[in-house]
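Shown next, in structure tokens, is the structure this report addresses.
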2 protein chains.
Amino acid sequence: MAGAYPYTVYRGTFIHLPKLSSSSAKPELVRNQGVLWVSSEDGRIKGHDWNVKDDASFKSFLSSHGWTDGHGRGTKVKVVESNDARNEFFFPGFIDSHIHAPQFPNLGLFGSSGLLGWLDEYTFPEEASFGSKSDPKNQDIDPKKTPAQGLRVYDQVITRTLAHGTTCASYFATIHVPATNALAALAYKHGQRAFIGRVCMDNKEQCPDYYVDQSADEGLNATIRTIDYIQKLDPNGTLVNPIVTPRFAPSCSNHSLSSLGELAAKYNPPLHIQTHISENLDEVELVHQLFPDSSSYAEVYDKHHLLTNRTILAHGVHLTHDERTLIRERGSKVAHCPASNSALGSGLAPVRAMLEDGLTVGLGTDVSGGYSPSILEVARQASLVSRMLSFSSEYQQMNGDLGNTTTNGHEKLSVPEILYLATRGGAGVVDMADDIGGFDKGMIWDAQLIELGAVKNYTQSPLDGEGVNSLATRDQRNVKAGTVGGVDLFGDETWEEQIEKWMWGGDDRNVKNVWVQGKLVHTRD
Amino acid sequence: MAGAYPYTVYRGTFIHLPKLSSSSAKPELVRNQGVLWVSSEDGRIKGHDWNVKDDASFKSFLSSHGWTDGHGRGTKVKVVESNDARNEFFFPGFIDSHIHAPQFPNLGLFGSSGLLGWLDEYTFPEEASFGSKSDPKNQDIDPKKTPAQGLRVYDQVITRTLAHGTTCASYFATIHVPATNALAALAYKHGQRAFIGRVCMDNKEQCPDYYVDQSADEGLNATIRTIDYIQKLDPNGTLVNPIVTPRFAPSCSNHSLSSLGELAAKYNPPLHIQTHISENLDEVELVHQLFPDSSSYAEVYDKHHLLTNRTILAHGVHLTHDERTLIRERGSKVAHCPASNSALGSGLAPVRAMLEDGLTVGLGTDVSGGYSPSILEVARQASLVSRMLSFSSEYQQMNGDLGNTTTNGHEKLSVPEILYLATRGGAGVVDMADDIGGFDKGMIWDAQLIELGAVKNYTQSPLDGEGVNSLATRDQRNVKAGTVGGVDLFGDETWEEQIEKWMWGGDDRNVKNVWVQGKLVHTRD
């Protein structure tokens, strides 16, 4: 729906990562200053002008389009400015390519045991709580049948991720139809771009008896009911889309995997698919035992036609080169979830090797294996993991354990590379590389306004003035912690260094506004 | 100095980690509810009463001491309460046992190269900028000779660490006497407990020519001038103390190392000492080359009498079992800096092995090898590193690389273990185990009031009410991101789970107040 004005003109500083011209090119940050305008009708970027540098040229720009910001004649447009004095800039929205919405209340709760204990103690009971007592057979479709606490959790996970600048998320829900539909309805209501998947898990040997599809067919039918609901909610799939979601190979029967592969292919266009792959070594071993006819984990999915060019594979920590080659050939994508992989001790995913094998890679929070709903936090962990991987290789080479593994920091991902994964990479993973993740003309305005804050202003020497000792009777003391969020600027940083500081120190306090499809969906408190 | 009241009575919820009864005991979180009182005269805890549960018993408690909160007769005391409805609790202040104050502006700036490139490109130039042009020979002692930007940096690092709940920090300054003294003066002024060390580095082969002590003796004399200044500033060493700081073995001549060991021993009580050890493999190799007469890195320090029971050794990632044994025998302590070790790819420090070898271990931010001034962030990284180490061991064992290394998550540090490192552990590292890090009677009130926030209140179903689509013309929308900081509570958490959520999701927004030596030194904006 159009607002009261046909266009919004964004004016100020724009930073993004241009699409790579070739697979061997390195991502680079680009900063432009000027104006960019977005149509209210479709939320897309209609043009930009980097020659608009001051008020005079802005005025000419407006009048050349027959526009006014309210102070002159012409069609009224909305103007949104970034403030240079506060070191503000527009940046593409983040894309969370793997997140379990119902696990949100368990952020930070890992218990004392390992992955299996964590699933049994925290994850499955939490997910099971999204079922409705009045709908034991999972026959309903009405979102309102979702338990009240479940609705609150879904409301909060969407609110929180938006507040962290996540404009698009690919969500795993639970096995429950009403709750899955509620997640879709709430994403739609909040204006977040989302892929919503009812989780399919019918292998009773591998799933708890209180939380499992009663059969492959019952699961398939339940999935279809969520697809129908979501496609009715957003008929053009502008904002919210269904995604076929077998939990992972061990939790599904062969029959379930096959029918889900067929189901996705039946639609026009085919539906997206998401699942997990090669997250940890025990799991890989289990897959070999459960699927002895397949030579690899990736082949299990391939046999069931689940490796498509619309498939998101979460993790991929322990994929072999052959598996990566197969995945690239099928055009499937990888959601890298380093915060989760480190927290669960799953391993260090070799992102450099994935990229060199030609894979499309994005970032995922993997709430609540990951402990944070912030893609910026995941970006930090992606860097740390790549740096530790670099160390590991060097260390093992020094000790003669590895042959010709590349070393010398080769695995290290740079800040621009990681921010590319968080934006363009994620856009590729959700199969929207031409639409989101950057500020090219024609792309959708899914964006965030970042405020780093000003350099702290000192009116006197820090050595002068009252110390804490003279305040002993005043009881209270307001110490301004500095600039915005965790970022401290001292005024001598280049703009690229400011971005590095943001990546390493920023949080949701730095996210001033968030837009999806040209609509404002979040304003910082 | 006493305030207008002789005591402050803290009332509400107190959480800390009791001192371990034996070296094999496991740290546990303990929660008490009631009152605890602190003398204004010396800032120490004079007693607590966990039977005070309600207003009536609080009234009786006050009158039994002859005190009043202003509503009755008696000596007026100050009352500070934690608010249960906001899930507030008092917690011991954090201790940052290793931080480079002058590197604060470089947080998040790592450049594209490795450790050496980082030192040359960022660290040494930044540290060198703390020198005064009017004092090229480093003869001055006056803090005011410090360049204005240096004062701002030191002011900000103290402000920021206090805001993150760091009540005590062991700082590396630079080689400059005025700037080192300024750091001490500012810590004293802000009321932060601090150890302040002028960095000694006289090995011209290993240090940049623009940033090096001109000789061992010149360095020694400069160090003495900072010790004199600091001991005059705070004659009883109540808050701020000097600490002898050879940067690390490779940056110092044998003569310098020896004379610094002698210097520390000469004082009564002997001075504290801090340095780096076994941070990365190249460095270890360099030490072997530079000190061929010593059989290990630890032995280099031991030979120069720098391994004392008042010595803080930062990192220790690659220490051998024999070195750990020597360090334990000497009573020296280790500052574990996982955020830095991961960011610089230095390796995974085996904290479990350190603890099992009987070492005292605390946490350090290692700003700016570490990218955050927050000990809570370091706590998270300590957990992640211990989990990856656990994975590594299992992985290597699976692949036959390791013999009888313990596995099965043995290396994993629990949340209570890590919070113990952040408080009691750090207190031991700075040789104040009887004074700070916990809430025992007689200890100093170095504490923080943590606010996790309330459970988000929903007055209607999240499915009802206005969606973002109906707001298209309103331009602005306030989405309450939820509770305080990064912590989301849903109301069904145990108090131990609340602490886990805080450790994994908390930040400076959750730090409402900070006290050092019984004085309020920070209040959240």
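Chain naming here is simple, since letters A, B, ... match the order of the sequence lines and numbering starts at 1 in each. Bear in mind that the values here come from a model prediction, so they are computed numbers and not experimental data.
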**Side chain / backbone / both / neither for Tyr458(A) at chain B, heavy atoms under 4.5 Å** = side chain
**Request:** With a 4.5 angstrom heavy-atom cut-off, could you sort out which part of Ser342(B) is near chain A: side chain, backbone, both or neither?
**Result:** both
**Prompt:** Between CZ of Phe490(A) and CD of Gln149(B), what distance do you get to the nearest 0.5 Å?
**Reply:** 7.0 Å
**Asked** Between Lys189(A) and Asp464(B), does at least one N-O distance fall below 4.0 Å, as a salt bridge requires?
**Response** no
**Message:** If I compare all heavy atoms of Asp488(B) with all of Gln156(A), which pair ends up nearest, and what's the gap?
**Reply:** OD1-NE2, 2.6 Å
**Message:** Report which part of Leu107(B) has an atom under 4.5 Å of a heavy atom belonging to chain A: side chain, backbone, both, or neither.
**Reply:** backbone
**Request:** Please flag which part of Val153(A) lies under 4.5 Å from any non-hydrogen atom of chain B: side chain, backbone, both or neither.
**Result:** both
**Asked** Do side-chain atoms of Lys501(A) reach the backbone of Pro105(B) as a donor and acceptor pair under 3.5 angstrom?
**Response** yes
**Request:** Using a 4.5 Å cut-off on heavy atoms from C-beta on, say whether the side chain of Arg509(A) contacts that of Asp507(B).
**Result:** yes
**Asked** Atom CD in Glu497(A), atom CG in Leu109(B): separation rounded to 0.5 Å?
**Response** 5.0 Å
**Prompt:** What orientation do Phe110(A) and Trp504(B) show, parallel under 30°, tilted 30 to 60°, or perpendicular over 60°?
**Reply:** perpendicular
**Request:** Give, as side chain, backbone, both or neither, the part of Ala148(A) having an atom under 4.5 angstrom from any heavy atom of chain B.
**Result:** neither
**Message:** Looking at Arg387(A) and Ala343(B), would you say the former's side chain and the latter's main chain have a donor-acceptor pair under 3.5 Å?
**Reply:** yes
**Max heavy-atom pair count under 4.5 Å with chain A, selected residue of Met503(B), Gln381(B), Arg380(B)** = Gln381(B)
**Request:** Check whether Glu496(A) gets within reach of chain B through its side chain, its backbone, both or neither, counting any heavy atom under 4.5 Å.
**Result:** neither
**Option that, when pairs with chain A are counted at under 4.5 Å, heavy atom only, ranks first among Asp492(B), Leu463(B), Leu151(B)** = Leu463(B)
**Prompt:** How long is the gap from CE on Met388(B) to CE on Met388(A), to the nearest 0.5 Å?
**Reply:** 3.5 Å
**Item:** Interface residue of largest heavy-atom contact number with chain A, from Ser461(B), Gly518(B), Ser386(B), Gly347(B), under 4.5 Å
**Value:** Gly347(B)
**Message:** How about NZ on Lys144(A), more than 12 heavy atoms from neighbouring residues, nucleotides or ligands closer than 6.0 Å, or not?
**Reply:** no
